[in-house]
Protein chains: 2
Amino acid sequence: MLSMKCKYALKALVVLAAEGTKLPSSAIAQKARVPAKFLEAILTDLRKADALTSERGAHGGHKLKGSPEKIMLGHVVRAMDGMLAPIPCASTFYYKKCDDCTDEKICVIRHAMTEVRNKIAEVLDSMSLEDLVNMSPKKKQQLFW
Amino acid sequence: MLSMKCKYALKALVVLAAEGTKLPSSAIAQKARVPAKFLEAILTDLRKADALTSERGAHGGHKLKGSPEKIMLGHVVRAMDGMLAPIPCASTFYYKKCDDCTDEKICVIRHAMTEVRNKIAEVLDSMSLEDLVNMSPKKKQQLFW
DNA sequence: ATTAATTCATATAAATTCAATAGGAATTGA
DNA sequence: TCAATTCCTATTGAATTTATATGAATTAAT
């Protein structure tokens, strides 16, 4: 399951990708329909994840860091929610050994979940913010949801 | 993320599939290395999910319902954790509308997550308990993890 | 210099979910 | 009657999620 945080993060980034300009968090919150104060915290995390840059003060705001086609969904989801894999032992970026496993090399649960994690990563690591923006038939009107 | 409950359920079912016989929950707990009392509750859920049958009293126990190749991982995971999809609006079995979405038909987040959900379902709905058992190189020794 | 708009940092809180454990009732076979 | 078992209900502690609140720091415009 994606957390709300992660979903909001994706929506915020889609807004920024579509807009192309610097936007204050209040404007993003409105366009993405996301709780304003919660979004503030999320934007900070996204900045730490190198997905955007922020400017403080009057006329400040947030802007995508780099072009939308270079920011992959997998990167965002990992930054917000951690591993893509269903269980830690099947994760490549967040691997962690199971307590109830003696020989993870042969663990059949792990084998199965590694297949799942690879499929998830395949999709999310090949899909960019630009892909998301282009996906909408109404992108001219900036309606993505 | 799979819950512990779901992981334990899968391990219990693999034990039952490999064994082929009726087993008391205490024996399953030991072989699967799962907390005994927690497992009891899980086995009840698995019975309700039609994955096994239970007999009470002395010499009672739990037995797979049907053959291992007919019990799919997707069925088990859904029964334990609910939807496979990353977000409810992308689920086919547990669909639920988003509050922050006006037109889900065009929602780009939903489109992306539907792709993910389809990949996950593809894997889990085509993999059976028998596949899991056969996956282990050490299945003769009944060591699966 | 003051003010308004903004990000940033920290603390808090309510609600929910997770991962169990406890105790005992009901059932069954010996 | 006894021992082994499933089944049922309740509880609990911990962690996580989803926020909200407050105010400090920064910046541009007047």
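Keep in mind it's a predicted model, so treat the numbers as computed, not measured. Chain naming here is simple, since letters A, B, ... match the order of the sequence lines and numbering starts at 1 in each.
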Applying a 4.0 Å non-hydrogen cut-off, can you work out what B/Glu55 is touching in the nucleic acid: base, sugar-phosphate, or nothing?
sugar-phosphate
Any base atoms under 4.0 Å from B/Ser25, or only sugar-phosphate, or nothing? Heavy atoms, all strands.
sugar-phosphate
Interatomic distance, [X] [atom1] vs [N] [atom2] [rounded to whole Å]:
X	N	atom1	atom2	result
B/Met80	C/dC18	CE	P	13 Å
B/Lys5	C/dT17	NZ	P	12 Å
B/Asp99	D/dT18	CG	C1'	13 Å

Might you point out which heavy atoms bring A/Met127 and B/Ala112 nearest each other, and give the distance in Å?
SD-CB, 3.5 Å
Please find the pair of heavy atoms, one from A/Val133 and one from A/Val14, that lie closest to each other, and give the distance.
CG2-O, 4.0 Å
Electrostatic pair B/Lys65:B/Asp50 at N-O distance under 4.0 angstrom
yes
At less than 4.0 Å, is any side-chain N or O atom of [X] found next to OP1 or OP2 of [N]? Yes or no.
X	N	result
A/Ser54	C/dC8	yes
A/His59	C/dT6	no
A/Tyr8	D/dA19	yes

Could you check whether the side chain of B/Arg56 and the base of C/dT27 have a donor-acceptor pair of N or O atoms closer than 3.5 Å, going by distance alone?
no
Tell me if a side-chain donor or acceptor on B/Lys11 pairs with a main-chain N or O of B/Ala32 at a distance below 3.5 Å.
yes
5'-most by nearest nucleotide on DNA chain D - B/Gly57 or A/Met4
B/Gly57
